[in-house]
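Report on one structure; see the data block that follows.
Since this is a predicted model, take the numbers as computed values, not measurements.
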Amino acid sequence: MRKLTSLTVVAPFHNEEANIQLFYETLTSILKALDITYDLIFVDDGSRDNTLIMLNQIADNDARVSVLSLA
């Protein structure tokens with residue numbers, strides 16, 4: 001059996017400003033506990049709230065996070 005050594009998580013968001021921080025904190029806590037290399041791709045799907053701003057703030061503070069914005 002092969003051991004998982006790295007993982008990329010792609011997560012879509014649409015008007016999720018109220019949930020982003022908790023999602024990020026929970027997900028990174030789990031991934032850190034797995035002791036693997038990981039990166040996160042967060043995709044904003046045309047949100048009309050502060051979702052994109054919040055995703056970009058997370059990415060500014062965590063080099064493992066990339067943000068894509070669908071227009």
Using side-chain heavy atoms (C-beta onward) and a distance below 4.5 Å, is [X] in contact with [Y]?
X	Y	result
Thr51	His14	no
Ile41	Val43	yes
Thr37	Arg64	no

Do any N or O atoms from the side chain of [X] and from the backbone of [Y] form a donor-acceptor pair under 3.5 angstrom?
X	Y	result
Asp44	Leu55	no
Asn56	Leu52	yes
Thr26	Phe23	no

Answer with yes or no whether the hydrophobic clustering places [X] together with [Y]; edges join I, L, V, M, F, W, Y residues whose side-chain heavy atoms lie under 4.5 Å apart.
X	Y	result
Val65	Leu68	no
Leu34	Leu40	yes
Ile53	Ile58	no

Item to check | Exercise: do Asp60 and Gln57 side chains pair donor with acceptor under 3.5 Å | outcome: no

Next on the checklist: Does anything in residues 25-56 form a ring-ring contact (aromatic ring centres under 6.0 Å, His included)? List the pairs, not counting sequence neighbours.
Outcome noted: Phe13-Phe42

Checklist entry - For Tyr24, which residues count as a ring-ring contact (aromatic ring centres under 6.0 Å, His included) partner, sequence neighbours excluded? => result none

Between side-chain atoms of residues 3-10 and protein atoms elsewhere (two or more places apart, or another chain), which donor-acceptor pairs fall under 3.5 Å?
from, atom 1, to, atom 2, distance (Å)
Thr8, OG1, Asp39, OD1, 2.7

Checklist entry - How far does CD of Glu25 sit from CD1 of Ile20, to the nearest 0.5 angstrom? => result 12.0 Å

Item to check | Closest approach of Val67 to Ala59 (non-hydrogen atoms, all atoms of both residues) | outcome: CG2-CB, 3.8 Å

